[in-house]
Trainee: 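Got a structure for you, written out below as structure tokens; questions coming shortly.
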Protein chains: 2
Amino acid sequence: MSKITIRDVAKQCNVSVSTVSRAINNHPEINQRTRNIILKKIKELGYTPNSNARNLKRLETNTIAVLIKGIGNLFFQPMFKVLENEITKNGYSFLLYKVEEQDNEIDVALKLSQDIKPKGIIFLGGCFMDEDKKILEEIGIPFVVTAIVSKNMSIKNSACVGVDDFLESKKMVNYLLSLGHKKIAIIGSRYDDASIGMLRVNGYKQALTENNISIDENLIFTTTKNEDPYTFEYGYKTIDILLDKKLDFSAIYCVSDAIAIGVLKRLREKGIKSPRDYSVVGFDGLEINDYLNPTITTIKQPVENMALTACNVLFNIISGKPYKKVVTFEGELFVGQTTDKR
Amino acid sequence: MSKITIRDVAKQCNVSVSTVSRAINNHPEINQRTRNIILKKIKELGYTPNSNARNLKRLETNTIAVLIKGIGNLFFQPMFKVLENEITKNGYSFLLYKVEEQDNEIDVALKLSQDIKPKGIIFLGGCFMDEDKKILEEIGIPFVVTAIVSKNMSIKNSACVGVDDFLESKKMVNYLLSLGHKKIAIIGSRYDDASIGMLRVNGYKQALTENNISIDENLIFTTTKNEDPYTFEYGYKTIDILLDKKLDFSAIYCVSDAIAIGVLKRLREKGIKSPRDYSVVGFDGLEINDYLNPTITTIKQPVENMALTACNVLFNIISGKPYKKVVTFEGELFVGQTTDKR
DNA sequence: TTGAAAGCGCTAACAG
DNA sequence: CTGTTAGCGCTTTCAA
């Protein structure tokens, strides 16, 4: 294991370490010739600067950190390459950082900002509580959040991009209503989920209320268990519980496509047909949905565009250009093959 | 932004920095009482040690790094939680590190081992060339590779766990042959793919040869473009090219489930039925396959078990216990609804 | 344009 | 058991 340091390079080039440092960091105040000599030597030796030492000194690195909570969620999948492309294309280096399910992403961000001192942070998923906002202020690093609940943030140097989950959810339910469905069951996430899942449930309630349909709490399913509601399995298991209750409904609104996929599988196994017996709808617009049979009626979020915009807004914040604090995308009602008139 | 250092803590506790260091690092030679006082103060101040400074000094951290190449590949998805669980359960900290498609994972590993000095590395995906092996030797850090081509490695402190792609591929083709299919088209990856894709193609050839069926190069599709062969889209587009050639075949072997999913979608759009018109098979056993309609006949790799084993082998290497250099799992021939007798 | 030297925050000898 | 001290490899004043 080679352990070449900046001193080795300096010695080999008969210059001081500071000159080598200037060479690697593209400092202006260095002779082009010495610079080239040093750079050649560096390549020759296969030297790479130790990033710990660098980060220890530097007050800022050239990195954009992407913090993702819920790496298992297929929804984020298409974002990776967009983020990576956009970030590197703009001269930053890209760091994808996974936040464990039980960890608080704010704490992680705090730690990260102390350690690697990124130029900016993009949060994917997770959930910001009100009290978190103050802490975020402390970060002092520009950040933007996507696919996250907190829409109106008073924090400086930050923005939020995404769809309006509440409104889009209403859109979905209104579509079901327009098909003649009046009794719509909904499969949500944790009952105490203060995050996106709850916004969608609230949108559902609101849509019903606005249409003078009373809300039947029995038709609202939220789990108490600490399950991941963005999995096929969750939908697969949950639909059984719902069916066992022998309730009367004609449509099933799953707050994520993943849930819907699980639900449809189970229905198929039971010989229950969609949309004949039940209309089933999802939310998100996962890539896989285009390849399913039947395709699921859902709200398609413009994931790639959201990722792209998240980057651009962040770049604007970083470079002091004007930016919109909240960028709201419209979801597209994708009518698949799992819905029909009542 | 708070910038509390170990000195601040030391001052606040009226001890020296080394004592604080001992406290955070769980050193034995420290008084339990002072330790507790320090720890309490640390929590109170919200102090977190700067990992750059730590890593700079330390010759080794307590981290297991997981290097993944191809984070877009659904195949790896179920591994994340297993790896995370297993690694943290065993007292290590878990670092997921994404290797960019164009980067060489060995270089990344080298850099990583210099920077964060992990106790061990797990490689997911990617491809090791013969020349890489020497470089790996230099890492000097225990590592295990999964879902990677290189099966017989002479490198010390390393192991390989996975299925035998060549044999499993033969198994798949033999199954198709047993159904009476003689003309089997195969959709592979890049023609110069020295990785898993090629092993599977080779298995296909071998199975045919062993059954005295001559290999028709026209039926072997490999792309020259730099596409990701583990995407739905690749299958979706590729099947058109294949069909346009008006070749005679009764079965389509896709070297990944993702390809098969894309293929089936396109066939459906064209009104071509599987298995009636073509039997279609995949490889991998993606989780989503259980939820598809029809389910795809495939080779199921025991992903979770592979991930688990990768961890355990790595732990054994680290702690100097005996271990198997090559752990080969058997794939399960999963007969789905996309295959039928010729 | 370059070099000398002072740390960044921490760990780990080495003394006490 | 605890404190003093010397760096880890690098960046960055400050002088030359």
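Below, read A as the first sequence line, B as the second, and so on, with proteins coming before strands; counting in each chain starts at 1. The structure presented is a predicted model; accordingly, all values stated were derived computationally and were not measured.
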Trainee: Once hydrogens and angles are ignored, does a donor-acceptor distance under 3.5 Å link the base of D:dG3 to the side chain of B:T19?
Mentor: no
Trainee: Report the distance from atom CG of A:N55 to atom C1' of C:dG7, rounded to the nearest whole Å.
Mentor: 16 Å
Trainee: Write down the distance between NZ (B:K111) and P (D:dG9), rounded to a whole number of angstrom.
Mentor: 12 Å
Trainee: Can you check the A:Q114 CD to C:dC8 C1' distance for me, whole Å?
Mentor: 12 Å
Trainee: Flag the pair B:K41 and B:E44 as a salt bridge only when some basic side-chain nitrogen lies within less than 4.0 angstrom of an acidic carboxylate oxygen.
Mentor: yes
Trainee: Should A:S18 be listed as having a side-chain N or O under 4.0 Å from OP1 or OP2 of C:dT2?
Mentor: no
Trainee: Hey, which of these two, A:K57 or B:Q32, hits DNA chain D nearer its 5' end, going by closest nucleotide?
Mentor: B:Q32
Trainee: Looking at every strand, decide which applies to A:N25 at a 4.0 Å heavy-atom threshold: base, sugar-phosphate, or nothing.
Mentor: sugar-phosphate
Trainee: Counting any heavy atom closer than 4.0 Å, what does B:T34 reach on the DNA or RNA strands: base, sugar-phosphate only, or nothing?
Mentor: sugar-phosphate
Trainee: Does a donor on one side chain sit under 3.5 Å from an acceptor on the other, for A:R54 and B:N52?
Mentor: no
Trainee: Identify which nucleotide among D:dG3, D:dT12, C:dA4 has an atom closest to any side-chain atom of A:S21, counting heavy atoms from C-beta outward.
Mentor: D:dT12
Trainee: Given atom CZ of B:R22 and atom C1' of D:dG3, what is their separation to the nearest angstrom?
Mentor: 8 Å
Trainee: Figure out the CZ/C1' separation between A:R35 and C:dT2, and round it to whole Å.
Mentor: 15 Å
Trainee: Please classify the nucleic acid contact of A:N52 as base, sugar-phosphate, or nothing, using heavy-atom distances under 4.0 Å.
Mentor: nothing
Trainee: Would you classify B:T5 as touching base, sugar-phosphate or nothing, given that sugar-phosphate means primed atoms plus P, OP1 and OP2, and contacts are heavy atoms under 4.0 Å?
Mentor: sugar-phosphate
Trainee: Remember a base hit wins even if backbone is also touched, and classify A:I24 as base, sugar-phosphate or nothing at under 4.0 Å, heavy atoms.
Mentor: sugar-phosphate
Trainee: Rounded to whole angstroms, how far apart are CG on A:L56 and C1' on C:dG7?
Mentor: 9 Å
Trainee: Nearest to the side chain of A:V15, which nucleotide is it out of C:dG9, C:dG3, C:dA5?
Mentor: C:dG3
Trainee: I'd like to know if the side chain of B:T5 and the backbone of B:R7 have a donor-acceptor N/O pair within less than 3.5 Å.
Mentor: yes
Trainee: Without decimals, in angstroms, what is the distance between B:E29 CD and C:dC14 C1'?
Mentor: 11 Å
Trainee: Cut-off 3.5 Å, side chains only: do A:T19 and A:S16 have a donor facing an acceptor?
Mentor: yes
Trainee: Nearest to the side chain of A:I30 - C:dG9, D:dT11, C:dT2?
Mentor: C:dT2
Trainee: Figure out the CD1/C1' separation between A:I42 and D:dG9, and round it to whole Å.
Mentor: 14 Å
Trainee: Between C:dA5, D:dT4, C:dG9, which nucleotide gets closest to the side-chain atoms of B:K3?
Mentor: C:dG9
Trainee: Which nucleotide in the set C:dT11, C:dC10, D:dC8 lies at the smallest distance from any side-chain heavy atom of B:N50?
Mentor: C:dC10
Trainee: Determine whether more than 12 heavy atoms belonging to other residues, nucleotides or ligands lie under 6.0 Å from atom CZ of A:F315.
Mentor: yes
Trainee: Report yes if at least one side-chain N or O of A:R54 is closer than 4.0 Å to OP1 or OP2 of D:dT11; otherwise report no.
Mentor: yes
Trainee: So which atom in B:Q114 and which in B:K117 form the shortest heavy-atom distance, rounded to 0.1 Å?
Mentor: O-CE, 3.5 Å
